[in-house]
Amino acid sequence: MANTDTKRKAKARDLAFPTPDKARRGIVIAIDGPAGSGKSTLAALLARAYGYTNIETGAMYRALALKAIETNVAFDDSLALAELARQSRIELQAGEEGNRVVLDGRDVTEGIRRQDVTEAASQVSVHPPVREWMVRRQQEMGSGGGIVMEGRDIGTKVFPDAEVKIFLDAAPEVRGTRRFLQIPAATAPEAAVLAEMRERDKRDRSRANSPLEPAPDAITIDSTYLTLEQVVARVREIVDARLASRSSLRQ
Ligand code: DC
């Protein structure tokens, strides 16, 4: 009886003084997939459409890789890399043209896209202590909800309870060509970009810790024969359905 009374009072209090509880914040949209699948573009467009924060986790691994290059930390030295991560401040700041990536107070948005950094990021990201640090940071960054988080292990490790999980894939040839077209004044032939991407894919998919794979409850979308508009429309349908079911649950 006392228990029922307590519950009734708590309900009355919640109605009178609504708290910013989890249900009222935005949801977590997790987008995973291999390089060149179109994740980043999709995540940026979704974040804009829903007024959410876009968190590109690959940029965080890239920032650490850049710091390892600059400080001569070996890419296979797991403990030194984890220590380097602990000493780093990696921030993603929302800007007009997408996120700016700030490493220890320095804007490294352009620097982290270099080819040597791309290669190094794939190598530093295999180490469990590095991943643990990254996952914890990413969980902190997204703890308020209202985010689109994009990477390789968001639906499996970072936010296994994410309300929407998308695994975006595409045939390797198509992904290679997309990547090639993204490189300004491409310095390598298309075949070389494709070969490097396949190598990186293999490493991302076969690493022992958090390999790239869809979460069991993720919706896989193959974008090989889809335009960007079609992918965005499909994902928006999924997100809208989730938001609608959530608000009907609250009524
Ligand atoms: O998405 P990207 O190409 O910027 O990622 C750079 C590297 O970081 C990529 O080789 C895989 C790794 N990565 C990861 O292991 N886990 C994530 N959540 C994001 C990226």
Side-chain angles (χ1 to χ4, degrees), residues 22-23 25-50 52-61 92 121-122 125-126 128 131-132 134-172 174-175 178-179 197-198 200-247 249:
K22 204 173 171 220
R25 290 184 298 209
I27 61 172
V28 173
I29 304 173
I31 315 269
D32 289 301
S37 58
K39 303 186 298 295
S40 302
T41 315
L42 170 66
L45 290 171
L46 287 176
R48 188 170 315 158
Y50 293 98
Y52 282 11
T53 304
N54 179 18
I55 304 177
E56 190 198 348
T57 59
M60 299 172 69
Y61 287 94
L92 303 178
S122 170
S125 65
V126 303
R131 302 202 68 84
E132 276 163 33
M134 290 285 179
V135 168
R136 234 177 297 122
R137 277 288 291 128
Q138 291 155 9
Q139 288 171 337
E140 281 164 22
M141 291 163 90
S143 63
I147 56 156
V148 182
M149 191 174 276
E150 172 240 310
R152 305 290 193 286
D153 58 345
I154 312 307
T156 51
K157 284 277 154 48
V158 183
F159 283 107
D161 296 331
E163 286 88 346
V164 173
K165 295 184 189 179
I166 304 293
F167 191 87
L168 193 59
D169 211 344
V174 172
R175 294 190 287 109
R178 287 179 188 162
R179 261 290 137 103
M197 205 194 64
R198 278 186 194 273
R200 216 150 60 87
D201 261 10
K202 204 165 96 197
R203 201 179 297 125
D204 289 348
R205 289 185 200 264
S206 63
R207 66 181 171 224
N209 191 271
S210 308
L212 168 66
E213 61 185 1
D217 53 347
I219 297 174
T220 296
I221 297 179
D222 185 334
S223 72
T224 307
Y225 301 109
L226 299 179
T227 62
L228 175 63
E229 289 73 22
Q230 288 170 322
V231 173
V232 173
R234 173 83 190 96
V235 177
R236 286 197 64 168
E237 269 172 29
I238 295 166
V239 174
D240 289 344
R242 193 71 179 84
L243 289 171
S245 75
R246 201 164 161 265
S247 62
L249 275 178

Using only atom types and a distance under 3.5 Å, with no angle test, would you say the side chain of [X] pairs donor to acceptor with the backbone of [Y]?
{"X": "Lys39", "Y": "Gly33", "result": "yes"}
{"X": "Arg175", "Y": "Ala35", "result": "yes"}
{"X": "Ser210", "Y": "Asp153", "result": "no"}
{"X": "Thr224", "Y": "Ala171", "result": "yes"}
{"X": "Ser125", "Y": "Ala121", "result": "yes"}

Within a strict 4.5 Å, meaning less than it, do heavy atoms of the [X] and [Y] side chains meet?
{"X": "Glu150", "Y": "Thr57", "answer": "no"}
{"X": "Val148", "Y": "Ile55", "answer": "no"}
{"X": "Arg234", "Y": "Ile221", "answer": "yes"}
{"X": "Gln230", "Y": "Thr227", "answer": "yes"}
{"X": "Glu213", "Y": "Arg205", "answer": "no"}
{"X": "Met141", "Y": "Met60", "answer": "yes"}
{"X": "Tyr61", "Y": "Arg131", "answer": "yes"}
{"X": "Ile27", "Y": "Tyr50", "answer": "no"}

Tell me the closest heavy-atom pair linking [X] and [Y], and the distance in Å.
{"X": "Ile154", "Y": "Ala30", "value": "CG2-CB, 3.6 Å"}
{"X": "Thr156", "Y": "Pro214", "value": "CG2-C, 4.3 Å"}
{"X": "Ala47", "Y": "Asn54", "value": "CB-CB, 3.6 Å"}
{"X": "Ile147", "Y": "Gly142", "value": "CD1-CA, 3.7 Å"}

Steps toward salt bridge (Lys or Arg N to Asp or Glu O under 4.0 Å) verdict (Lys165, Asp32): CA-CA 8 Å; Lys165 295 184 189 179; Asp32 289 301; over 6 Å; no
Decide whether Arg178 and Ser223 meet the rule of one side-chain donor and one side-chain acceptor closer than 3.5 Å. yes
Can you see whether Arg200 engages Ser122 through a side-chain donor-acceptor pair at a distance of less than 3.5 angstrom?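 No, because no side-chain N or O of Arg200 sits under 3.5 Å from a partner of the opposite role on Ser122.
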How far does [atom1] of [X] sit from [atom2] of [Y], to the nearest 0.5 angstrom?
{"X": "Ile31", "Y": "Leu46", "atom1": "CD1", "atom2": "CG", "value": "5.0 Å"}
{"X": "Ile166", "Y": "Ser37", "atom1": "CD1", "atom2": "OG", "value": "11.5 Å"}
{"X": "Thr41", "Y": "Leu168", "atom1": "OG1", "atom2": "CG", "value": "9.5 Å"}

Checking Gln139 against Val158 for the side-chain contact (heavy atoms from CB on, under 4.5 Å) test, could you report, in this order, the C-alpha distance in whole Å, the side-chain angles of both residues, the deciding distance, and whether it holds? CA-CA 6 Å; Gln139 288 171 337; Val158 183; 3.9 Å; yes
Working for side-chain contact (heavy atoms from CB on, under 4.5 Å), residues Tyr52 and Ile29: CA-CA 9 Å; Tyr52 282 11; Ile29 304 173; 4.0 Å; yes
From CA spacing to verdict: side-chain contact (heavy atoms from CB on, under 4.5 Å), Ile238, Ile219: CA-CA 9 Å; Ile238 295 166; Ile219 297 174; 3.9 Å; yes
How would you list, by chain and number, every residue that makes a salt bridge (Lys or Arg N to Asp or Glu O under 4.0 Å) with Asp204, sequence neighbours excluded? Arg152, Arg207
Chi angles and distances behind the side-chain contact (heavy atoms from CB on, under 4.5 Å) call for Leu92, Thr53: CA-CA 10 Å; Leu92 303 178; Thr53 304; over 6 Å; no
Determine whether more than 12 heavy atoms belonging to other residues, nucleotides or ligands lie under 6.0 Å from atom CZ of Arg48. no
